[in-house]
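First up is the structure itself, then whatever we jot down about it.
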Amino acid sequence: MSITEINFDGLIGPSHNYAGLSLGNLASARNAGAVSQPRAAALQGLEKMRGNVALGLKQGLFLPQWRPDGDWLARLGTDVSGAEPHIRAAAMSASSMWAANAATVSPAADTRDGRAHMTVANLVTMPHRSHEWPQTLAQLRLAFSDTRSFAVHDPVPPPFGDEGAANHMRLAERHDVPGVEVFVYGQSGGPFPARQHVEASKAVARLHGLDPARSLFVQQSEEAIAAGAFHNDVVAVANERVLFTHEQAFADKDAFYTALRDALPCVEIVEVPASAVSLADAIRSYLFNAQLVTLPDGVMALVLPTEAKDTPAVWTWLHQMIAGNGPIRRIIPVDVRQSMANGGGPACLRLRVVADPATIDPRFLLDERKLDEIARIVATYWPEEIAPDDLGDTRLIARIEQSWLTLVDHLQLSGDLLP
């Protein structure tokens, strides 16, 4: 078997819009009511995936979800034409593009039965995301249908909010050896909700059959949530033996660092001090909402949004970091501005899966040819712009539905994923 890390990115869907539905997400609130560009957004995401392929990384894809979600509207006693504007916007949301919230993943090396385990996130805290999990689960069960290699679990039941891998980190000497899994939960975030419930995190750890001695449950700091770090991956990211984090990410960082070093002595903690980069600058630039990856030559790189270049304190600190002898040696800016305007950076757009690619449904894996084909479909079918008042337009809805059907048919998934 060839065990490696595969990044599954969510393709930005044709209904991508700025409705400002996500309380606590400062970028989403700041851009509420703006005109979105679904075609440009999806092409930006595809270019990020193409860049990863060019770096020699394995790349996968999750499809956009069928929108509007008529089943959800029907359970609310309405439909897209009769729904109130905020309910219609929730039914049209393209937020499944942020695949970091799709599920929590534990590689086979960490689990009791030697299979990779995945628990689809319930996302119950936010109405516009709470109806994503059935379609997400359908894709997970298709992509990872080899039951000898994977176990895919139903969501943790409400009221325990689970936001998936955005609040989960795994550290190990290498991807293919047993590691330490870190579950980050919130308790309070001042004016904003803490989205990850500790009971949800504990349930996922039990479902995955993890070793309690190598499972850490760590509280996110209230000040980070209040500052706009609605998920842990806005203030911390991990890869193999490296934890890259802001000084103010955790409620009790000293206890966490001690427990982590006890469980994984080889760990390297790269902490960005608040005196160099404030929480506000870290969140504005999404410095930590980056893909921290190990390249084929063993070099560790940070794939981060171009907004980092626009924040002087962040860009200065990054160059000081790579000039030193630390474990992160390259910084690779990418343009995902359409996603960033709704509060999702490079790390939000992907779910990390450590597995043998040969055990995964090949329809969900990407190469240059498939990326070219998907880009052509996006350029032809995705709407160019969507204004908030457009969401009830029957012509726009018909175009969104046709875009989805064209893509799914091209990928030969229509027989499995038709709504």
Side-chain angles (χ1 to χ4, degrees), residues 6-22 25-32 34-55 57 59-65 93-102 129 164-166 228-231 233-235 237 239 244 281-293 301-311 314-315 318 330-352 366 371 374-375 378-379 382-386:
I6 309 161
N7 287 282
F8 284 81
D9 277 44
L11 178 63
I12 299 171
S15 68
H16 165 64
N17 68 90
Y18 297 135
L21 299 173
S22 190
N25 181 330
L26 301 185
S28 172
R30 187 167 55 247
N31 291 290
V35 175
S36 67
Q37 297 177 305
R39 185 185 306 166
L43 292 173
Q44 286 173 3
L46 287 165
E47 281 305 302
K48 178 175 91 74
M49 299 180 221
R50 193 186 303 277
N52 284 350
V53 171
L55 289 170
L57 302 172
Q59 183 67 51
L61 176 79
F62 289 137
L63 278 68
Q65 297 196 356
S93 171
S95 55
S96 66
M97 62 199 252
W98 294 307
N101 302 119
R129 305 212 63 178
F230 51 99
H231 292 135
D233 67 1
V234 178
V235 284
V237 62
N239 177 58
F244 180 52
D281 277 349
I283 291 167
R284 183 181 303 111
S285 66
Y286 269 34
L287 165 61
F288 298 96
N289 196 253
Q291 290 182 245
L292 185 56
V293 296
L302 197 64
V303 180
L304 77 175
T306 52
E307 281 79 356
K309 297 176 68 174
D310 302 332
T311 310
V314 168
W315 201 238
L318 283 168
R330 287 184 64 184
I331 49 176
I332 304 171
V334 295
D335 180 3
V336 287
R337 291 188 183 274
Q338 282 287 309
S339 176
M340 285 285 289
N342 238 346
C348 286
L349 287 162
R350 63 93 176 93
L351 181 72
R352 307 165 88 165
L366 295 176
L371 282 162
I374 295 171
V378 167
W382 260 233
E384 187 171 358
E385 293 185 340
I386 296 179

With no hydrogens and no angle check, is any side-chain donor or acceptor of [X] less than 3.5 Å from a backbone partner on [Y]?
X      : Y      : result
Gln338 : Gln37  : yes
Ser339 : Gly344 : yes
Ser36  : Pro38  : no
Arg39  : Trp382 : yes
Asn101 : Ala99  : no
Gln59  : Asn52  : no

If you take all heavy atoms of [X] and [Y], which pair is closest and at what distance?
X      : Y      : result
Val237 : Ala290 : CG2-O, 3.6 Å
Trp315 : Pro333 : CH2-CG, 3.8 Å
Arg284 : Met340 : O-CE, 4.3 Å
Leu46  : Ala375 : CD1-CA, 3.7 Å
Val336 : Gln44  : C-OE1, 3.4 Å
Pro346 : Asn289 : CD-O, 3.1 Å

State the [atom1]-[atom2] distance between [X] and [Y], to the nearest 0.5 angstrom.
X      : Y      : atom1 : atom2 : value
Lys309 : Ser285 : NZ    : OG    : 13.5 Å
Arg350 : Asn7   : CZ    : CG    : 5.5 Å
Leu61  : Ile6   : CG    : CD1   : 13.0 Å
Asn239 : Leu302 : CG    : CG    : 10.0 Å
Asp281 : Tyr286 : CG    : OH    : 14.0 Å
Leu366 : Asp9   : CG    : CG    : 8.5 Å

Show your reasoning for whether side chain to side chain contact (heavy atoms under 4.5 Å, CB included) applies to Leu349 and Met49.
-> CA-CA 10 Å; Leu349 287 162; Met49 299 180 221; over 6 Å; no
Do [X] and [Y] touch side chain to side chain, with heavy atoms closer than 4.5 Å?
X      : Y      : answer
Leu11  : Leu63  : no
Leu55  : Arg330 : yes
Leu287 : Leu318 : yes
Ile332 : Leu304 : no

Applying side chain to side chain contact (heavy atoms under 4.5 Å, CB included), run through Asn342 and Trp98 and close with a yes or a no.
-> CA-CA 10 Å; Asn342 238 346; Trp98 294 307; 3.5 Å; yes
Stepwise, does the side chain to side chain contact (heavy atoms under 4.5 Å, CB included) test hold for Leu351 with Phe62?
-> CA-CA 9 Å; Leu351 181 72; Phe62 289 137; 3.8 Å; yes
Would the number of heavy atoms belonging to other residues, nucleotides or ligands and lying under 6.0 Å from CZ of Arg337 be above 12?
-> yes
Taking ring pair (Phe, Tyr, Trp, His ring centres under 6.0 Å) as the test, write out the residues that go with His16, two or more places apart.
-> Tyr18
